[in-house]
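Structure first, commentary second.
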Amino acid sequence: MPVPRTLIAGNWKMHGTVADAVALARAVVAGSAGLPADLLICPPVVHLLAVAPAVSGSAVGLGAQDCHAAGKGAHTGDVSAGMLRDAGAAWVILGHSERRADHAETDAQVAAKAAAAMAAGLCPIVCVGETLAQREAGEAEAVVAGQLAGSLPPGFAEAGGVVAYEPVWAIGTGLTPTEGDIRAMHARLRAEVLGLCGPAGGGVRLLYGGSVKPGNAAAILALPEVNGALVGGAALVAADFLAIAAAA
Ligand code: PGA
């Protein structure tokens, strides 16, 4: 199975205005030509409709940060995968640790959301990652393997699903695991994904996320079985996001 093309995904979280989002999207599109990676931006859901025309016709993909598991219904404040597709998104981040923490999302809910995303024609990006206490207890790989087993629905690989490994303690902190730790975890991720998805799991892109910056991107992206990055803070500055992609 050939190594999948690198994906650099920006998770804009809950930042900015509509005007900020459109300007950032335009800046990313303007600098996107000739980069050795696929680019994806994931603005706040309320900004999708405004950002969609800015990326339309470009090589920059558009994604959301969550969806509901149901196609429609009485779910006040929630947004379905079909609505995201209708608004111009082709991807959706699911099970980010901030959602697992803030909204008590379980692996089963993440799997249901991923299935709903796939049914609506979206590519799911399923996030997994251990806490610092779990890493210090030597449980990181087992925790992540368990999250994967619970969070990937059938057909995930065939639908173009992506896995993002994001150690909770590395998100927004400036801390990153050692290269050896990332290498070991990604080797385990690949083995688990192959076990869960069969041979098609070889094509599932495995992203690293957690304090990826222009200064550390080249070293992280060069590691075996690291097929890209999920970028938070540095994705809010177009030059930094593009520099990370250029380092791929
Ligand atoms: P960070 O966030 O790059 O700011 O650490 C990554 C993420 O939460 O996806």
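If you're wondering where the values come from, they're calculated on a predicted model, not measured in any experiment. Atoms within a ligand are numbered from 1 in the order they appear, just like the ligands themselves.
- When only non-hydrogen protein atoms are considered, atom 9 (O) of ligand 1 lies nearest to Glu166 OE2, 2.6 Å.
- For Arg183 (side chain) and Pro224 (main-chain N/O), no donor-acceptor pair under 3.5 Å exists by modelled atom type.
- Annotation: Thr173 places no N or O atom under 3.5 Å from an N or O atom of ligand 1; distance criterion only.
- Ring geometry for His186 versus Tyr208: interplanar angle of 30 to 60°, hence tilted.
- Residue contact annotation: Gly172 has a non-hydrogen atom under 4.0 Å from ligand 1.
- Within a 6.0 Å radius of CZ in Arg190, other residues, nucleotides and ligands contribute more than 12 heavy atoms.
- Not a single heavy atom of Lys213 lies less than 4.0 angstrom from ligand 1.
- In terms of protein heavy-atom proximity, atom 3 (O) of ligand 1 is nearest to Gly232 N, 2.8 Å.
- The closest approach between Gly210 and ligand 1 falls below 4.0 Å for a heavy atom of the residue.
- Ligand-side atoms of ligand 1 in range of Gly233: 1 (P), 3 (O), 4 (O), range being under 4.0 angstrom from any heavy atom.
- Within the 4.0 Å heavy-atom criterion, neither part of Ala164 lies near ligand 1.
- The salt bridge (Lys or Arg N to Asp or Glu O under 4.0 Å) with Glu130 is formed by just one residue from the set Arg188, Arg135, Arg100; it is Arg135.
- Close approach of ligand 1 to His96 is summarised as follows: ligand atoms under 4.0 Å from at least one heavy atom of the residue are 7 (C), 8 (O), 9 (O).
- Using a non-hydrogen distance threshold of 4.0 Å, Ala235 does not register as a contact of ligand 1.
- At a heavy-atom distance under 4.0 Å, only side-chain atoms of Asn11, from C-beta outward, approach ligand 1.
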